[in-house]
Amino acid sequence: MTDDTQPSTDVAAPEYDWQGYGFDTRQVHAGEYDDLNAGARVSPIAMTAGYRFDSFDDARNRFSGDADGLIYSRQRNPSGAVAEKRIASLEGGSEAIVVSSGQAAITAALLALAENGERIVSTASIYSGTRVLFGRSFARFGVSVDYVWNTADDDEWDRIIQPNTKAIFTETIPNPKNDIVDIEQVARVAARHGIPLVVDNTIASPYVIRPIEYGAAVVVHSSTKFLSGHGAGLSGAIVDGGTFDWAASERRYPLLTEPQGSAAKSLLERYSRTGYARLAREAVVNDIGPALSPFNSFLLHQGIETLSLRMERHLDSSVTIARWLEQHPKVESVDFAGLESNPAHELAQRLYGGRTGSVFAVTVRGGAAGAQAFLDGLRVISRMTNIGDVRSMALHPATTTHISFSEELRERLGIGHGLVRLSIGIEDVNDLIADLDQALARVS
Ligand SMILES: Cc1ncc(COP(=O)(O)O)c(C=O)c1O
C-alpha cells in the first residue's frame with residue numbers, strides 16, 4: 001500500500017471555547033488547558049504556591065489589576081481555574097471561585113455580603129453544619145441569621161426581612177428531609193426586596209437544576225459531594241450569577257459599588273458581571289485563606305467530567321429504592337419529594353423534573369432502637385457521614401449531625417429518633433435493595 005497523504009496544510013485547531021456546547025460536553029472540557037511542554041491531554045496539576053513575575057513593572061501591574069497574570073495561589077491557581085471555569089459553565093454563572101470546603105464556600109459567599117450588625121434570612125431546613133455555622137461563628141462575627149419556616153408564605157418572609165437583611169440563603173434539596181424548595185418563589189421574594197439570593201445547590205447539582213436560571217444571585221456548593229463524586233477530598237465553590245443589580249438595591253453593598261482604598265473605581269465599575277466574584281475572591285477568600293490545593297482542584301475537575309452519568313444512576317436508583325422502601329412493612333415513612341405520596345410531589349415535577357436527588361430519609365419502625373438495628377445490619381451501604389459520592393451511605397442524624405440541636409428543634413425539623421439518612425450511590429440497585437432488605441429484617 002502506498003501512503004498517498006500530503007503534508008498537512010489545513011489542520012483544524014482544537015476547540016477551546018466551550019460556550020454553546022451541551023452540558024455533557026462542557027462537563028468534560030470547559031476550562032481545560034493544554035500542557036505546553038509534553039502535550040499532556042489532561043490539564044496538569046499546577047503544584048505551586050506562587051508565580052514568577054516578568055519584571056518589576058509586571059509585578060506592580062498584576063497587583064494593581066492592570067495586568068492579567070497570577071500572583072499567588074491563595075487567590076488563583078491554574079488547576080483551580082479549570083474547576084472554576086467548568087463549574088461556572090455548568091451553573092450558567094459569570095465566574096466561580098473554588099475553596100477548601102463547602103463550609104468555606106458558604107462562609108465566604110455570605111461574608112462578602114453581610115458584616116457585623118447585619119442580618120441574613122435563611123430557610124429553616126438546611127444542612128445541619130450550616131445551621132451550626134450560622135448560630136456559632138456568624139453570631140460571633142456579629143452577623144445574625146433569621147429563619148423562615150414556611151417558605152411558601154410571602155407574609156412570613158416579609159415579616160422576617162429587615163432593612164439590614166443583606167442576603168437570603170436557601171438550598172435546592174435540603175437533607176435529610178428532601179424537602180425541596182421552590183426557588184422560583186424564593187427568588188421572587190428576594191427580587192421584591194432587592195436582596196441577593198444565595199442558593200446551596202450541593203445535592204441537586206447543576207445537572208438537576210440551575211438556580212441562576214430562576215433568579216439566584218449566587219450559587220454555592222460543597223463540591224466534596226456530587227460534583228466530585230469520588231469522596232476522595234473536600235472542596236467548595238462559589239458561583240457569581242452575574243445578573244444581580246447591586247447598584248439598584250436599596251440595601252447598599254459599598255464594597256462592590258464604591259471605590260475602596262486607593263482604587264479610582266468600584267469593583268462593579270471595573271468588573272461589571274464578575275464584580276461580586278472579585279469581591280468574594282479578593283476581599284474574603286484571599287483575606288481569610290481557605291484556598292483549595294491544586295491537587296484537590298485536580299480531583300474536583302476530574303470528578304466533574306462524569307457528573308451527568310453518575311447523576312442519572314443516582315437519580316434512577318433513588319426513585320426505585322424510595323418506592324421499594326415505602327412499601328416495606330418495617331418502614332414508617334420515606335421523605336423523598338419524588339414519591340407520588342409526598343406533599344411536594346407537584347413541585348418536584350414542575351421544578352426538578354420529578355428527580356429530587358439521591359439523599360433522603362427513611363424512618364424505620366421502633367424509634368432509635370429500630371434505627372440502630374437497621375444501621376448495624378448494613379453491609380454494602382456504609383455507616384458514615386458524607387453524602388453524594390459513588391458509594392451508598394447511611395447515618396442516624398439524631399445522634400450524629402443533629403446531636404447538638406435541642407429536642408424541640410429536631411422535632412420541628414422532623415428529625416425523629418427512627419430516621420435514617422440515606423445517600424444512594426451508583427452501585428447495582430438490586431444489591432442495594434438486598435442490603436436494605438436484610439438490614440430491615442433486623443428491625444423488630
Ligand atoms: C448541603 C451542604 N452544604 C454544605 C456542606 C458542607 O460541605 P463540606 O463538608 O465540603 O464543608 C454540606 C456537607 O455535608 C452539605 O451537605
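In each ligand, atom 1 is the first atom listed, and ligand 1 is the first ligand listed. Remember, it's a predicted structure, so these values are computed and weren't measured experimentally.
Taking only nitrogen or oxygen atoms, main chain and side chain alike, Thr224 reaches within less than 3.5 Å of ligand 1.
The side chain of Ile387, and not its backbone, has at least one atom closer than 4.0 Å to an atom of ligand 1 (non-hydrogen atoms only; side chain from C-beta on). At a 4.0 Å heavy-atom cut-off, ligand 1 does not touch Ile203 at all. Here Ile106 has side-chain heavy atoms under 4.0 Å from ligand 1, and that is the only part of it that gets that close.
A salt bridge links Arg192 to Asp158: one of the charged nitrogens lies within less than 4.0 Å of a carboxylate oxygen. With respect to Arg323 and Glu340, a salt bridge is recorded, a charged nitrogen being found less than 4.0 Å from a carboxylate O. Taking the charged nitrogens against the carboxylate oxygens, Glu407 and Arg410 do have a contact shorter than 4.0 Å, which makes a salt bridge. Of the charged side-chain nitrogens involved, at least one lies within less than 4.0 Å of a carboxylate oxygen, so that Arg281 and Glu84 count as a salt-bridged pair.
Side-chain contact check for Phe169 versus Ile106: some heavy-atom pair is nearer than 4.5 Å.
Here the CD1-CD1 distance, from Ile387 to Ile203, works out to 3.5 Å after rounding to the nearest 0.5 Å.
Scanning the protein heavy atoms around atom 8 (P) of ligand 1, the nearest turns out to be Gly102 N, 3.3 Å.
For Arg355 and Tyr207, the positive end is not near the middle of the six-membered ring at less than 6.0 Å and at most 45° from its axis.
Near Ser222, meaning under 4.0 Å from one of its heavy atoms, ligand 1 places the atoms 4 (C), 5 (C), 6 (C), 7 (O), 8 (P), 10 (O), 12 (C). Close approach to Asp200 involves these atoms of ligand 1, each under 4.0 Å from a residue heavy atom: 1 (C), 2 (C), 3 (N), 4 (C). If you number the atoms of ligand 1 from 1 as listed, the ones under 4.0 Å from a heavy atom of Asn175 come out as 16 (O). Using a 4.0 Å cut-off to heavy atoms of Thr202, the atoms of ligand 1 that qualify are 1 (C), 2 (C), 3 (N).
At least one heavy atom of Lys225 sits under 4.0 Å from some atom of ligand 1.
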